[in-house]
Structures are given as structure tokens and as C-alpha cells.
Amino acid sequence: MKSTDAILHTRGESRYVDDLPQPEGLLHAAVFFSPIAHGRIQNFDVSRARQSEGVVAVLTAEDIPGENQIGPLIPDQELLAEEEVVYIGQPVALIVAQTAETARKAAGRIVLDVEEYPVITDPREAYQKGQIFGTPRTFQLGDVDAAWPHCEVVVEGHCEVGGQEHVYLETQRARAVPGEGRVIRVYSSTQSPYAVQKHVARVLGYPNHLIEVDVLRLGGGFGGKEDQATPWACLTALATWYTGHPVELVLTRQEDMLMTGKRHPYCSDFKIGVTREGKILAYEVRHYQNAGAAADLSPAILERTLFHSTNSYYIPNVRLFAVSCRTHLPPFTAFRGFGGPQGMFVMEAAIARVAEALGMPREEIQRKNLLQENDLFPYGQRVVDCRARRSWDVAMETYRFSAWKKRVEQFNRKHFHRKKGLAVMPICFGISFTATFLNQASALVHVYTDGSVSISTGGVEMGQGLRANITTIAARALGIRPERIKIESTNTTRIANMSPSAASATTVLNGNATLLAIRQIVSRLKSMIARELNLSDPDRVTIHDEKVWYRGSQTGWTWTQLVQTAYGKRINLSAQGFFATPGIYFDKQKEKGRPFAYHVYGTAILEVTLDCLRGIYTIDAVKIVHDLGRPLNRLIDLGQVEGGLAQGLGWMTVEELLFDEKGRNLSSALATYKPPDVYFMPDDLQVTFLENADEPIGPYGNKAVGEPPFMYGIGVFFALRQAMQAFRPRKDYEFKAPLTPERVLLELHREEVRQGCLRPATVESARQSD
Amino acid sequence: MAAPIHFWLNNEELRCNEPPGLSVLDYLRKRRRLVGTKEGCKEGDCGACTVLVGELQGRQVIYRPMTSCLMPLGELHGKHLVTIEGINRPELNPVQQAIVQEGATQCGFCTPGIVMSLMGYIMQKGQVVDARGIKRWLSGHLCRCTGYRSLKAVAGHLQTSVGDRPGIENLIRNRWLPEYFAHMPRRLARIAPPVHRDGKPENRLIIAGGTDIYVQRGEELPETDVFLFNLMPKPKGIRLSGKALHIGALTTFEELAAHAQVRRLIPRIREYMHLIASLQIRHRATVGGNIINASPIADIVILFLALDVRLVLQKGRQRRVLPLRQFYLGYKRMDQRPGEILVEVQIPRDVEGCRIHFEKVSKRRTLDIASVNSAICLRSNDDGTIESAAVAVGGVAPVPLFLEKTSRFLEGKSCRPETVLQAVEIAMTEISPISDVRGSADYKRLLTRQLIIAHFTTLFPDKMQVREFYEVH
Ligand SMILES: Cc1cc2nc3c(=O)[nH]c(=O)nc-3n(C[C@H](O)[C@H](O)[C@H](O)COP(=O)(O)OP(=O)(O)OC[C@H]3O[C@@H](n4cnc5c(N)ncnc54)[C@H](O)[C@@H]3O)c2cc1C
Ligand code: FES
Ligand code: FES
């Protein structure tokens with residue numbers, strides 16, 4: 001199916017928040033934010049900004065009529081800072097003016113003096129000082145302590161992974177428009193319209209129903225607009241409330257990069273014990289999550305780190321510890337994978353260390369420990385319908401791994417400073433919101449008398465192809481052409497209390513809700529036609545190809561005829577469907593349960609070439625076998641796999657998020673923060689979908705696809721490590737990601753650098769002897 | 001009041017009195033509400049704002065993709081600005097079709113810009129559409145959603161549809177491009193050249209390609225009295241005369257790398273150019289801007305330091321020639337007198353016959369600023385003795401650095417690994433890198449060594465191999 005969105009995109013006719021026609025009297029806002037990471041506000045003077053020409057209002061915490069508190073899990077963030085600032089980029093005031101330029105210029109006239117307090121940027125330091133969110137969590141399986149003595153080899157290690165900037169191409173933005181009475185309508189670029197609605201209402205002290213949130217589409221989200229679209233929407237609504245005008249706020253790229261949260265940096269310690277054959281008996285890990293200055297979604301993300309800490313391996317004795325640490329950085333937030341990748345990285349590092357200790361290929365350890373049917377995950381869920389080994393085997397065979405490996409070894413024998421590395425990366429990712437209550441969705445379907453159909457769901461289109469997927473599902477269920485179906489904007493007046501579009505679950509949840517709504521309408525139509533035609537068995541009526549059939553033969557009725565007749569007979573042509581994922585639960589006391597409806601599996605093989613003289617590398621090939629259930633829209637699913645992979649590869653290599661000890665983001669522009677570009681991605685990128693792998697819960701056998709492929713990218717770290725070892729065989733290369741060209745080169749030449757032989761002092765003497 | 005800016009926007013003739021320093025992007029989105037062009041960064045790094053700019057050359061209009069966020073409106077005088085709205089026809093064109101068929105758009109925010117670049121690509125005559133070309137024209141576009149595979153696959157479709165007959169006429173004939181494009185040469189020819197105000201340029205802010213100034217001071221430019229250097233007929237062009245190759249300061253990076261004479265002197269310049277900025281930026285960025293901007297890692301500057309180019313600075317009628325190597329005095333401080341404009345760069349012809357090489361290492365291989373870059377220019381005789389040498393390194397000092405002592409040391413030495421290592425030791429005394437977002441000081445030192453080794457192993461593969469440098473230790 002050709003997606004209508006895609007056509008609009010290529011013509012530049014898709015409308016994002018600030019592309020919509022401008023309402024009369026539209027004002028523009030800019031945010032003044034804290035330039036200091038931690039401290040008490042001493043003197044705060046906005047008078048000069050207020051007096052600037054073209055400025056309509058300067059709003060501060062004092063102007064908030066309701067609560068100055070936001071936050072998805074616990075409301076621990078101030079919308080506008082009042083007494084204390086806790087990170088650089090924290091909003092302190094909102095300037096509303098005739099133009100955005102005027103507003104920004106006026107922001108420069110605000111005076112803010114802050115008494116500076118000590119700044120913490122390191123999660124371990126925060127932990128030691130008791131600065132944590134919630135309580136530390138521990139998942140256990142078997143008995144680790146009892147298992148160590150049985151292990152023939154035990155190794156330990158330390159990992160560090162960096163954060164990641166979302167770089168959704170469309171920065172955060174919102175537009176609020178006053179309605180009748182106290183109503184405010186907010187156009188927001190959010191993955192979570194309900195969160196926006198709730199928070200705007202709270203900030204204004206309104207009931208939810210006075211706030212209407214409408215979302216047409218997002219120019220990318222990736223988790224970054226799950227809860228961090230909320231403040232900007234609240235600020236525009238506040239300004240509209242205050243001025244009575246429509247107000248728009250569009251962050252510049254640099255503002256966005258400075259003010260918003262990103263993927264969490266983690267540091268972790270691991271200990272792993274194996275038999276001489278490489279069977280893993282015990283694994284212990286401690287994760288310190290750098291959560292930033294507010295809870296945001298960090299505790300939930302931490303939980304998913306725990307869920308995925310053993311990736312796709314079965315380990316009988318496990319102790320997983322994780323804690324969310326408060327630092328003075330922007331609150332880190334959701335990003336594709338939601339904490340899972342950080343957990344998996346450490347597991348893969350531990351396996352690398354084991355392989356190196358045993359002198360075995362890494363992939364042998366991986367394969368020996370893959371999950372099998374009926375194994376237990378550390379959180380107590382049983383492994384059902386396991387495709388870990390199957391995707392592994394298909395990958396090995398389809399892509400001829402052993403021959404490939406030989407080619408790589410040959411290459412490495414032939415070349416001195418150019419080395420190749422090859423790594424296998426299996427993944428296992430649980431599908432469902434880990435907060436069980438979020439696994440609900442509703443849909444509203446209208447059939448009009450001309451036979452056209454309008455569908456609203458709680459899902460947000462952000463490029464993941466939700467519109468196309470829902471269209472496909474609905475067209476199939478109604479038996480009509482997709483052209484008849486229009487997917488509406490996501491709107492809180494049509495769908496109430498919606499969950500965010502996240503956790504890869506948007507199509508699963510909203511597709512199922514759509515199906516449930518459609519089934520009601522179809523069933524009414526079938527009963528009607530059975531009555532009309534005196535058919536004894538309404539269940540044998542079917543609608544497909546826009547025609548009505550009975551027991552497999554045509555009745556002569558068409559879809560439009562059917563709909564028109566139904567209307568004439570006063571039959572309800574609208575329905576609301578509600579879906580709640582069955583059979584999932586989690587007991588946080590015991591840290592056991594069945595949190596996931598199912599798991600997605602897959603295996604990737606990655607090849608790199610490293611230039612050890614310069615420290616630069618290319619990713620030559622990535623070949624994937626991915627478990628997708630039955631594809632709904634092949635192109636869309638493929639796009640999700642490839643796009644997720646690209647982000648994963650970037651996270652492990654060139655995307656380096658840097659903060660200094662003062663909490664300043666040093667990489668807050670696209671000139672300094674580098675996501676993959678067209679040359680970075682390998683030309684040889686192949687994806688095979690596992691066939692005959694229907695997932696019964698998904699609509700039409702489809703499995704969620706958004707997040708899991710991100711984690712294939714982790715493999716590139718280990719491919720590079722292998723290439724480094726081919727050049728200078730050593731086992732103590734650090735597990736520090738991203739593995740930038742800088743890190744590679746410094747690691748390869750660690751001794752020279754440590755001995756300081758590149759510093760001029762030692763060179764002086766050398767030159768004198770010259 | 002300045003004369004209006006007279007140009008064509010899509011199929012519409014305009015005379016507008018907006019500030020000449022306003023960026024084309026702001027003009028389109030804010031003043032005209034043509035919102036198909038997107039803003040993703042306003043610093044030239046994402047390509048979402050890409051438009052085509054058509055310029056009359058002889059009887060043809062040549063279209064180039066440019067980032068509208070870094071382009072002054074005033075420079076459009078006499079030109080044809082094409083936005084996504086201006087290429088749409090009722091049916092999809094081959095680029096649009098291919099993107100839809102490949103699923104090469106997800107959130108869609110990057111897509112209009114990409115469509116513009118690829119349309120620009122198939123509007124160029126005299127080439128064959130292929131996968132390499134597609135990648136090159138995608139080089140300045142960030143897409144966070146697709147992972148690029150599907151975008152690259154557009155090549156296959158374009159090979160079938162457009163194939164070996166790209167060019168505006170053919171596109172119009174196939175109804176892939178609106179017909180009005182056929183009238184553009186005549187229309188542009190009718191526009192009178194820009195009126196130059198008296199006032200001297202020296203009192204105004206000079207904008208050449210704008211690729212640096214808009215990133216640094218974009219906000220102020222609409223209200224600044226700007227001198228749009230590109231509107232001047234001179235100094236453009238490259239010519240050989242006397243002992244030097246004369247390069248007009250307004251020569252863009254792309255023009256530089258495409259020029260036959262330049263390629264004779266610097267045979268691999270196109271390879272180096274691949275590592276510098278993106279196609280859109282290289283269509284705008286000028287040689288003069290690179291030099292005057294005085295960034296310590298300016299790529300062209302580093303190359304030119306090794307070539308010992310001379311600068312011609314001019315103020316009114318006064319001209320002054322000085323070696324580039326003497327131009328930089330400190331961080332962003334230059335031997336430039338008030339009001340002086342750089343008009344020309346002269347590459348000495350005797351670099352012909354020298355071995356020249358340029359190396360650049362950055363975090364991301366393409367469209368990134370160097371952590372360290374380096375250029376070398378060597379003359380050696382048959383027995384392998386170095387007769388003359390010049391090495392420059394960027395990113396390791398407050399200025400783009402010519403390694404004077406290192407270069408001098410190399411002269412007269414024989415070309416052996418030991419020589420190179422000794423040179424590296426001297427280089428270490430000349431550089432003074434600091435730790436920043438482009439890398440730690442240690443890294444930059446290490447890279448300096450590695451790149452010097454790389455120069456020699458690349459230029460003298462028969463005399464030394466990388467291996468030998470590791471065995472010496
Ligand atoms: C996305 C992006 C990527 C980039 N990548 C690279 C890269 O890889 N390598 C690199 O070296 N640079 C890079 N740059 C920087 C920039 O493109 C170059 O420095 C370019 O050469 C600047 O030229 P310009 O004509 O655009 O300068 P402008 O921005 O027009 O001017 C820069 C400064 O020089 C002055 N000036 C310009 N010309 C003259 C003149 N003839 N006489 C006197 N003063 C003058 C201006 O007043 C201004 O102060 C990049 C820039 C961007 C936006
Ligand atoms: S807006 Fe990103 S390149 Fe212009
Ligand atoms: S489709 Fe979203 S950035 Fe390219």
C-alpha cells in the first residue's frame with residue numbers, strides 16, 4: 001500500500017505544528033533558561049526584557065495559576081524554576097513577543113544571578129551521596145553466591161556507555177490557541193497527547209476537559225517527545241491563558257539540544273562465571289543510571305534495563321542491581337530501547353571478556369547460552385515461542401558466517417594496519433509497557449453514508465507508519481479499499497486517557513482497538529443484511545472487495561449500498577473499540593511476573609574495517625535476521641529495522657554526548673554532535689524476516705518492530721574491538737562507548753600516550769641528541 | 001533605501017525590499033509562509049532547508065542545491081529560487097515516486113530538502129545518474145529515521161526513469177518538471193544587474209558564502225549593514241598567469257576542486273574535498289571565507305599553508321601581497337588592516353612536480369570538522385632525498401599551523417622512517433593542542449604523529465610502510 005503520508009512528505013505538503021496557517025494575532029515565545037547547573041537564585045530581574053519593544057509578556061513561576069509541577073511519574077519538576085536551578089537549560093522564564101527573534105533578543109536582557117552550589121555529573125558520586133530516585137532495584141534468579149564456586153572461570157569488568165541525543169529532525173514545538181470560554185486548544189509535537197492535556201490542566205488549575213490537545217504528526221520522536229514535549233506545550237498554553245492570544249513556541253536546534261533530555265548514560269560493573277566450555281553459570285551486574293536532575297521516566301527506564309540485562313541468554317543464577325542517580329544534567333528520558341540497550345551492552349561486554357579469558361570466539365559463547373523454550377527470564381517470565389536460536393541459525397546460514405569469518409581472517413593476515421572485525425549480535429526484546437496499566441488503547445471509527453471511513457486512535461504518527469498500518473488493518477477488517485479510509489489527527493476530545501505512543505506497542509494496541517471497533521460495525525451490518533435478505537446464518541456473511549458475500553458467493557450488494565441502507569434503517573455506523581493486552585502483570589515486591597505479551601528476537605552480523613594508523617573506521621556490512629511475525633507493511637517494517645539500526649550504530653560509535661564538570665553540554669549543536677550520515681551507513685545492509693512466525697496477539701499476526709532493531713547496533717562495538725585486537729592483541733581494551741575514532745586511536749596507542757612520549761619535554765632531549 | 005532585490009521565486013517574479021541579510025529560509029517560512037522548506041538546525045548541518053538556486057550562465061540556468069538557512073536573501077538578485085512548492089506537479093516526479101516506492105520517508109521532515117537535492121541532481125546535464133552520484137548529492141542531508149538504505153535505493157529508480165538523459169529539457173519533456181523552467185533563461189536575462197550602493201564595503205560586514213557568518217551571527221544579519229560580496233562580478237574565477245595560479249577569493253570549494261588547472265597542481269583534490277563539508281555547503285563556501293574566518297582547523301587553509309600560497313589583500317586601490325604563512329598572528333587575529341578585503345589567492349606554479357597530500361580525521365568521516373588535519377608538500381629527487389618540504393597541521397594551535405621547524409628539518413634528509421620519526425619529534429615541540437569537543441590534547445598529539453606518518457607512507461609507498469613505524473618501537 002502506498003502511504004498517503006509518504007506522498008505528502010515528498011511534496012512538502014505534510015503539515016507540522018508551525019506549518020499550519022497562522023491564527024490571527026499569533027504571538028511567539030522564547031525560553032530563558034538557567035546558564036548554571038546548580039544553585040540558588042539570588043537576583044532575578046526581567047524588567048528590561050518586559051520593557052523591550054515588541055514584547056507582550058514575560059512569564060515567571062509567579063504567573064502560574066495552578067501548580068508549577070510537572071513530571072510523568074512523580075511531579076518533581078518545576079515548569080519554571082522558582083528558587084533553585086538544577087541543570088543548565090532549565091526554563092526560568094518565558095518571553096512572549098510579536099516575533100520569535102524579538103522574544104529571543106529580550107531573553108538576553110534578563111538578569112539572573114545564581115549562588116552556585118556543587119555540581120554532580122557522575123552517577124556513582126550521586127549514589128554515594130544518596131542522591132537517587134526511588135529505591136534501588138534488584139532482580140534475582142537462582143543463587144549467584146552459591147554458584148560462583150562452581151564456575152571454572154570468573155571474570156569481572158566495568159562498562160561505561162554514553163547518552164544519546166535524539167536529533168528528531170523537527171525540534172520541540174507547540175502552539176496554543178484560545179477557544180471559547182476558558183477552553184485552550186494545544187497543537188503539540190508530542191508522543192503523549194494525554195500527558196500534555198493533563199499537565200496543561202494542572203499548570204492552569206483547570207479540569208482536563210477544558211484542554212484539547214491535537215497532534216497531526218511529528219517530525220520524529222524516538223522517545224524524546226514521550227514526556228519532554230510536555231513543558232513546551234504547557235508554556236504555550238500558559239502564555240495563551242495569560243495573553244488571550246494564540247502563542248507558538250519552536251525551539252531552535254541548539255536550545256533543544258541544551259534544554260531537553262536524552263538517552264541515559266550508564267556505568268556498570270559486572271562479574272560473570274562460566275564453565276570451561278563457556279556455559280554461563282552466574283552473572284552479577286550493578287547499573288548506575290545517570291538520570292539527570294528530575295525523575296522524568298528514569299525509574300521506568302531503569303526497570304527495562306533490568307528486564308533486558310541478560311539479553312537473549314539463559315543464565316541460571318543472576319543478580320541484577322540497578323539504581324537511578326540524580327545529577328545536575330538535563331533530565332534524561334525515553335529513547336528507542338528505553339534502557340534495554342544499556343543493559344544488553346554490559347551483557348555483551350561480559351561475554352567478550354569471558355571469550356577472551358577462555359580463548360574462544362565470542363560467538364561461540366553467545367550461541368551456547370542462547371535462550372530456549374521454557375527457560376526462565378530473571379523476572380520470572382517463561383520463554384515461550386522462542387526464536388533466539390532460530391534467528392541465529394538462519395543468520396549463520398543465510399549469510400554464510402563461517403566463510404565470511406575466513407575472509408575476514410585472511411584480510412587481516414594480508415594487511416598490516418587495516419584490520420577487519422566481525423561480530424554477531426543477537427537480541428531479545430520484550431513487548432508491552434512495563435507499567436502494565438499503560439497497555440490499553442481505544443479507537444473511534446465512523447463510517448459515513450458515502451462509504452468513506454474516519455478513524456481516530458490514541459496513537460501518534462511520528463514516522464513509524466502508524467497511519468499506514470492502521471489503514472491496512474482497517475481496510476482488511478472492513479473489506480474495502482484503503483483509499484476510503486482516513487486516519488484522523490490524534491485528539492484528546494475523540495480519544496480519552498490515551499497512553500503514549502511508545503514501547504513499540506502503538507500499532508499493536510491501537511490496531512487491536514481499531515479492530516474491536518470495526519468488528520462491532522461489521523457485525524451490525526451483517527445482522528442487517530441477513531435480515532434484509534432473509535439469510536439464516538449472519539455469521540456466513542462476509543464483506544470483501546467492497547462487496548457483500550454470503551457463503552462465498554456474491555449477494556449483489558456493494559459496500560456503499562450496504563452503508564446507505566444501514567443508515568436508512570437507523571443502524572449505528574460508529575463504534576468505539578477498547579483493547580487491553582491480556583495476561584500481563586508484574587509484582588514489584590517480588591520483582592517477578594509476566595510483564596511482556598511476547599518477545600521479539602533477531603540476530604545481526606556486522607563487519608567493520610579499521611584503519612589502525614588513523615583510528616578511523618567504516619562499517620562495511622550489517623546483515624540481519626529479524627523476527628517480525630507477519631509483516632503488515634513490509635516497507636514500513638523494513639524502514640523501522642534499518643532506522644533503528646542506524647541509531648544503534650551511531651550510539652556505539654560517533655554520537656558522543658559530552659558534558660564538562662560544570663554540567664555544560666559541549667555537544668549542543670549539529671556541528672559538534674554527529675549522527676550517522678549517508679556515508680556512515682554501510683552500503684551492504686541486508687534484512688531477512690523470519691517467516692511463518694505469526695504472533696497471535698498482534699493485529700494480523702504482526703509483531704512490534706520499533707525498538708528492537710536499535711540493539712543490533714551494539715554489535716559494532718564488538719566488531720571494532722575485534723579489529724583492534726587483530727592489530728594489537730590485548731584483552732584490556734576498555735568497555736567504553738561510544739567507541740569514537742579518538743577512543744580507538746588512544747586505546748591502540750595507550751602505552752605511547754601514557755609514557756608521555758608525545759609530549760615535548762621528552763622530545764627536547766631527543767632533539768638535542770639529534 | 002537600497003534598490004529592491006529582483007529575482008524569481010518559483011514561477012513568480014519578485015522585487016522585494018526585505019533586508020538583504022535576512023536568510024532565505026526565514027524569508028520563505030516567515031515572510032512568505034512557504035512552509036514546505038523546513039528548518040532543522042540553521043547551521044548547515046541537516047539539509048532540511050535545501051533549495052535550488054538557479055543562476056544564468058550563458059544561455060542556460062544552472063541549478064545548485066544550497067542550504068537556505070545560510071544564504072542572504074540579497075544574493076538572490078537576478079537568480080531563480082526554487083522551493084519544493086515550485087517543482088511540484090499534479091503527478092509525482094521520478095524522485096518523489098522513487099522515495100514513495102522505496103519507503104524512503106518516515107517522519108517526512110527531511111524529505112522536501114532531499115527531494116530538492118535529488119531534483120537538482122537529475123537537472124544536471126552531461127552525466128549519468130548512478131549510486132555514487134546519489135550519495136554525493138545526499139551528503140548534506142541528515143535523516144534520523146530511515147538509515148539511508150532506502151534513500152540510496154532511489155538510485156535504481158532514477159537510473160530507469162531518467163537514466164543517462166538527465167537535464168532540464170528532458171525532465172520538462174517528460175512532464176517531470178513544470179514547464180516554466182523553460183522560460184527561466186530568458187526571464188533571468190531581463191533582470192538588471194544589482195545596483196551597487198556607493199558607500200565603501202569596508203564599513204559594512206562582508207558576506208561571501210555566508211557559511212561561517214550565518215552560523216555565528218545569523219540573528220544579527222537582518223539588521224546589519226551587509227556587503228554581499230558575491231554580487232560583485234569580481235573576484236571570481238581561476239586563471240593561470242606568470243608564476244602562479246590565481247584563485248579569486250570568491251571561488252567556491254566545488255569550483256576549486258572542479259578546475260582542471262587546480263587538479264593538475266593538486267591531483268587528488270577531489271578526494272580531499274569529499275571530506276570537507278557537504279555538497280550544498282561546498283557550493284557556497286568560498287576560499288576567501290575559509291582564510292579570513294581563521295579557524296585553526298580550516299581545511300583549505302591547511303592545504304594552502306603547505307603550498308605556500310600568497311594572499312592579495314585590497315583596500316580601495318591599494319593592493320598588498322603577503323604569504324599566507326605570515327597572515328595569522330593569534331587566535332582569530334590576522335595581519336589584515338581595517339577595510340582590507342581578500343581578493344585573490346596565488347598558488348605558486350612550482351608546486352607542480354611536488355608530492356602533495358592532505359589528511360583529515362574527524363569524528364564522523366564526512367561533513368564534520370577535523371579533530372586534526374594536515375597537509376604536506378614535498379619535493380624529492382630520484383635518490384629519495386627531500387629537497388624541500390612543507391608541513392601544516394590544523395587543530396593543534398590557536399592558528400592553522402605551518403610547522404616551520406619540522407619542515408626545515410626535513411629538507412636535505414633522506415626519505416626513511418627514521419627521518420619521519422625525528423620530524424614527528426620536532427613537530428611535537430611546535431604544536432600546543434588543547435582538549436576540547438574535537439578531542440583531548442593527547443589525542444591531537446597522537447593524531448599529528450599518525451598523520452605525518454600517513455603522509456609519508458601514502459606519498460612514498462615504495463620507501464616506507466606503516467609496519468616499519470610500529471617495528472621501530
Ligand atoms: C555545515 C558546515 C560544514 C563545514 N565544514 C567545513 C569543513 O569541513 N572544513 C572547513 O574548513 N570549513 C568548514 N565549514 C566552514 C565554512 O564553510 C568555511 O570556513 C568557508 O570557507 C567559509 O566561507 P564563506 O564564504 O562561506 O564565509 P562567510 O561566512 O561569508 O565569511 C566568513 C568570514 O570571513 C569574512 N570574509 C569572507 N570573505 C572575505 C573576503 N574575501 N575578504 C575579507 N573578508 C571576508 C566575512 O566577513 C566573515 O567574517 C563548514 C561550515 C558549515 C556550515
Ligand atoms: S536548517 Fe539545517 S541545514 Fe539549514
Ligand atoms: S524521514 Fe524522518 S528524518 Fe528523514
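Numbers restart at 1 for each chain; the letters A, B, ... are given by sequence-line order, proteins then strands.
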Which atoms of [X] approach chain A - backbone, side chain, both or neither, heavy atom under 4.5 Å:
X        : result
B:Val466 : both
B:Gln465 : neither
B:Phe109 : both
B:Lys152 : side chain
B:Ser362 : backbone
B:Lys38  : side chain
B:Arg29  : side chain
B:Gln96  : both

Chain B contact via [X] - which portion, at a heavy-atom distance below 4.5 Å:
X        : value
A:Phe727 : side chain
A:Gln640 : both
A:Arg634 : neither
A:Ser14  : backbone
A:Tyr617 : neither
A:Leu218 : backbone
A:Asp660 : neither
A:Leu638 : side chain
A:Ile616 : side chain
A:Met462 : backbone
A:Asp683 : both
A:Leu251 : neither
A:Glu170 : both
A:Glu742 : both

Any heavy-atom pair between the side chains of B:Ser371 and B:Tyr443 that's under 4.5 Å?
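A side-chain contact exists here, since the closest heavy-atom pair is under 4.5 Å.
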Test item: B:Val35 and A:Arg15 side chains (from C-beta on) under 4.5 Å apart, heavy atoms
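In short, these two side chains touch, coming nearer than 4.5 Å.
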Assess B:Lys413 against B:Phe409: is NZ or CZ under 6.0 Å from the centre of the six-membered ring, and within 45 degrees of the ring's axis?
yes
What distance separates A:Leu670 CG from A:Arg253 CZ, expressed to the nearest 0.5 Å?
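CZ of A:Arg253 is found 5.0 Å from CG of A:Leu670.
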